[in-house]
Amino acid sequence: MNLYPEKNPINPEVKYERVGKFIYGAVRHGGDIADVHNWMADELRMARPIGGKDAAQTKLLDDYLAKYQSDEQFSESHQRFMKMMERRRT
């Protein structure tokens, strides 16, 4: 029995929480939202979205969250993102 059910990424609160972690991490290391979108596209092996294309960015985010649904999967991807951002900063 799982006492801590995983969060549903479709839930808007969870969606914004997860995206917020990426945005905060990017900004903290001198990046921005484009770095987040590029990371998600790279993780999904998709074309990187062109800035200002809201529909493409929304689909990318939805596809990313669908692939990394579990807390563990999301955490591993986020940690890889943070390591990449730290390496870029140095």
Residues in side-chain contact (heavy atoms from CB on, under 4.5 Å) contact with Arg48, at least two apart in sequence or another chain: Asn38, Ala41, Asp42
Spacing of CE belonging to Met85 relative to CZ belonging to Phe22, to within rounding of 0.5 Å: 11.0 Å
Residue pairs fulfilling side-chain hydrogen bond (donor to acceptor under 3.5 Å, both in side chains) with at least one residue in residues 27-36, sequence neighbours excluded: Asp35-Arg88
Atom pair CG/NZ of Asp62 and Lys67 - distance to nearest 0.5 Å: 15.5 Å
Value rounded to 0.5 Å, distance of CZ in Arg87 from NZ in Lys83: 8.0 Å
Shared hydrophobic cluster, Leu65 / Tyr24 (ILVMFWY, side-chain heavy atoms < 4.5 Å): no
Linked, directly or transitively: Met82 and Ile33 (ILVMFWY side chains, under 4.5 Å): yes
Nearest atoms (heavy-atom pairs only) where His37 meets Leu60: O-CD2, 3.2 Å
Check: Glu76 main-chain N/O paired with Gln79 side-chain donor or acceptor under 3.5 Å: no
Nearest-0.5 Å distance that lies between atom OG1 in Thr58 and atom CG in Asp63: 10.5 Å
Option among Glu43, Met40, Glu72 that satisfies the side chain to side chain contact (heavy atoms under 4.5 Å, CB included) test with Ser77: Glu43
Side-chain donor or acceptor of Ser75 paired with backbone N/O of Asp71 under 3.5 Å: no
Interatomic distance, Phe81 atom CZ to Met84 atom CE [nearest 0.5 angstrom]: 5.0 Å
Joint cluster assignment, Ile23 & Tyr16, ILVMFWY side-chain distance < 4.5 Å: no
Aromatic ring pairing His78/Phe74, orientation class (parallel under 30°, perpendicular over 60°, tilted between): parallel
